[in-house]
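Just follow the structure's listing: the first ligand is 1, and inside any ligand the first atom is 1. Start at 1 with the first residue, then count along the sequence.
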Amino acid sequence: MSGHGDPIPMISRKGGPLKGEAHVPGDKSISHRSLILGAMAVGETKVTGLLEGQDVLDTGRAMEAFGAEVVNHGGGEWSVHGVGVGGFAEPENVIDCGNSGTGVRLIMGAMATCPITVTFTGDASLNGRPMGRVTDPLALFGTVAVGREGGRLPMTIVGANAPVPVRYTVPVPSAQVKSAVLLAGLNAPGETVVIEKEATRDHTERMLVGFGADLSVEDTDEGRVITLKGQPELKPQTIIVPRDPSSAAFPVCAALLAEGSDVLVPNIGLNPTRAGLFYTLQEMGADLTFENMREEGGEPVADLRAKYSPDMVGIEVPPARAASMIDEYPVLSVVAAFAEGQTVMKGVKELRVKESDRIDAMAKGLRAAGVTVDEGPDWWTVTGAGFGNVAGGITAQSCLDHRIAMSFLVMGLATNAPMSVDDGGPIATSFPIFEGLMTQLGAGITRSNV
Ligand code: S3P
């Protein structure tokens, strides 16, 4: 699990149709933020439907190390007794964020304007990922970061003693960077302004407003300008975490690919900054419908119904949509392998610095399984072979990346020969019930060493 345990080889094979309802876990992005903002509020925040994946559990443990009290009441009910903005205590030990880029980057932001020194580490995947994108703007508040070559973990951050507010244009489309700066801005006096040229997921902004921060967003020629007034007292909240569209992507795509399938994935948030995959699949001709469209907690929510879709075609995914489906390209590339014609994915260089280089990881496995993939630094194409024409029959490397592992296991439900992955352990970081949920739908996904 998250690179710490023994590998869990898994295999998936073509079988009967997938049928039934897939109740996917809570949203990972919102779960991290619930714990972190809860820890920065004064009083008790209650959270229902928290994702109990390893990434989020690691963030919960980190919040405890900073002095918050995090309590698991069972059944997805959690509470956080926060210490207030600027109230983080210095942890006694190193903070291990496991596999989670979101965890470490948001926590770095949250502690950056507290007068404490913190050392962060993670698993082999996280320790290979760039942190300069976060430590550069945090330095503007007055923090000092010392890490390994290339700005990599393990890394020590000395929080600013007398933080100053910051105006920062995020150079890459990254909600993690944006959020780190906003969280740091909470304990700086005056106004912190973050500008993003491309809109990325906006959970931090929405939740900060919910917690009582004075935050406004303006769309200008420069981009989305987010202005946050520093040093508020955050008020504890009751949060119901919506189900994760990025997890929903796996049973949805599995149903499109497995012959005769009809699967309902209820209660999925369709926040426009997250829902790009579903619109892309519809454009490809997928039989995917949004049922019971409604608003919950200010967010659009629907039940997704996905049916076997043997007539999908490749499309060019609009690059402007990339940020709203950045985590879904691996599984999209699997669907593209079964479509007719080419799927073109441009403007996606961020895929190269996720839990793995996701273009490289998917391209290697897809090619080995008989699919044509071309790639460049910030683009890739998958030439669909059509249903019945994808060989499979290989063991793909999951590269310590949950979404790579799940994507290849979904692929095996439609390849001519089964697909294996060397290690399904990382799946527990975001979707700990994946195997049971998929099996219940009828998918032939099992551990291969039992
Ligand atoms: C996330 C932001 C995205 C995404 C990640 C979750 C977040 O990362 O890939 O899974 O919760 O803010 P980037 O900010 O690196 O794009």
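Under 4.0 Å is where a charged nitrogen must lie from a carboxylate oxygen, and between R367 and E375 at least one such pair does. No salt bridge links R352 with E350; every basic N to acidic carboxylate O contact stays at or beyond 4.0 Å. Salt bridge status for R224 with E205: present, with a side-chain N to carboxylate O gap under 4.0 Å. Ion pairing of R61 with D96 is absent here, as no side-chain N (NZ or NE/NH1/NH2) approaches a carboxylate O to less than 4.0 Å.
The environment of CD in E218 is sparse: at most 12 heavy-atom neighbours from other residues, nucleotides or ligands sit within 6.0 Å.
Protein residues with a heavy atom closer than 4.0 Å to ligand 1 are K28, S29, R33, T102, P173, S174, A175, Q176, R201, I326, D327, K354, listed by chain and number.
One distance of note links OG1 of T121 with CG of N127; it measures 4.0 Å at 0.5 Å rounding.
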